[in-house]
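First comes the structure, then the notes that go with it.
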Amino acid sequence: MRRLLIGDLLVGLGAGALAFEVRFGQTVTSYNRVYLLLSVLLPVVLVGMLALHRTYEGRFLYVGTEEYQRVIRSGLSLIAAAAIVSYAFDLPTARFYVLVALPVATGSTLVVRFVARKRLHRARGRGDCLRRVVVVGHELAVVHITRQLRRERYHGLEVVGACLPAGGDGDVGLPVYGTFDDVADAVDVAAADTVIVLSCPELDGHALRRLAWRLERDEVDLIVASALVDVAGDRTTIRPVDGLPMLHVEHPRLVGGARVVKEIVDRVGAALLLALLSPLLLTLAVRIRRDSPGPVFFRQVRVGRDGQRFVIYKFRSMYLDAEARLAEVRHLNEHDGVLFKVRDDPRVTPVGRWLRRLSLDELPQLLNVLRGQMSLVGPRPPLPEEVAAYPDDVRRRLAVKPGMTGLWQVSGRSDLPWEEAVRLDLRYVENWSLSFDLVIMARTVSAVARSAGAY
């Protein structure tokens, strides 16, 4: 937290200095002396606005998009405040100074927080900076949450023990410190600083209140896991009714103005990317033609929104007889569920292996985005035979357009089990937002650079 605060102060100071240099140069005059003072005060004002928008609260830091959204709102509030004050007091404000200082400060703050988040995630991946957690709940739920937290260590929660209901088999692969009545003692024995209570009928409101009273003496964090699976916080609000807190769940934004904005962003973004990447696309097409005989593009039928079928475009990465040789390699399948994936598939051409490792074979899908069949961000576009094997719940993925990238791609791609890939796609469908899309696109660059799960 101290490093974050120092970083924000330095960002404000740098943005103020840059704006003063760009607008006035290095000469201090009686006219620009007030702007020199503003440049010195900008770090304090920036940190104050960030604090006002609660960007230093631990629950918003280092995980999810809420931290970035609050930083952006802080920057917009600063710009609005500058405009209102200038108009109200009829101040001859140098607009260019404001248009340089505040956007630069906001953008740089986002970069600083992104870098700080990545450093912390790497430390947590090494086993550092982790909170020790005791999980309270039934066996299956404990096993599930433990597996998920171990897979996503960047959350910073390390499960060190569990408290289970009386009469259970106790087989959770963790030290068991007793029943629901022994949670406070379990925290002391396990040297834990966090308790996660999973949804179970034995722990009602009165039991949770008594547990919170026992834990507050040692300032142990109490986290109650909601039974609402993969529902983002901005879709839930608590509405008290006669003293009883009622959790109201908003419906996902599948239609409306936000979807229109997404459609525009997809089409314009695809057109710009096609124009910028046209030299690269031409170079890759030449390499593919020289590497092996056959067409440059691979066309395949996929299923889009509402079950509509369309032809997807990719750079060809396999030999022409790949489909005929599928039976030869069927036994090498390394994926569960309905997907077929082989890490060292002999049907892949030398250039195709390189294209897949860097995800360059996906670039022609920009044509599908331009035609409105896909989005830049969304669930993975499934094959018709995959959709035919979907359970009813999984068909929810078809409520939105498939995407060139998504949570599946930035979370491990083919290295993920089938159930986890489905869960990630459903999470996106339920919690979509423009800021969420921007975060996924930023994480895509990192995932492509690591070649994680790309084969």
Pairing of [X] and [Y] as salt bridge, 4.0 angstrom limit:
| X | Y | answer |
| --- | --- | --- |
| R132 | D193 | no |
| R117 | E67 | yes |
| E158 | R131 | no |
| E263 | R259 | no |

Please confirm whether [X] makes a cation-pi placement over [Y], using NZ or CZ under 6.0 Å from the six-membered ring centre and within 45° of the ring normal.
| X | Y | answer |
| --- | --- | --- |
| R113 | Y56 | yes |
| R427 | W432 | no |
| R287 | W354 | yes |

With side chains defined as the heavy atoms from C-beta onward, is the minimum distance between [X] and [Y] less than 4.5 Å?
| X | Y | value |
| --- | --- | --- |
| L38 | L42 | no |
| R397 | R380 | yes |
| V187 | V195 | yes |

In V303, N368, V301, the residue satisfying side chain to side chain contact (heavy atoms under 4.5 Å, CB included) with I312 is N368

| message | If we count only N and O atoms by modelled type, under 3.5 Å, do the side chains of D266 and S375 hold a donor and an acceptor together? | response | yes

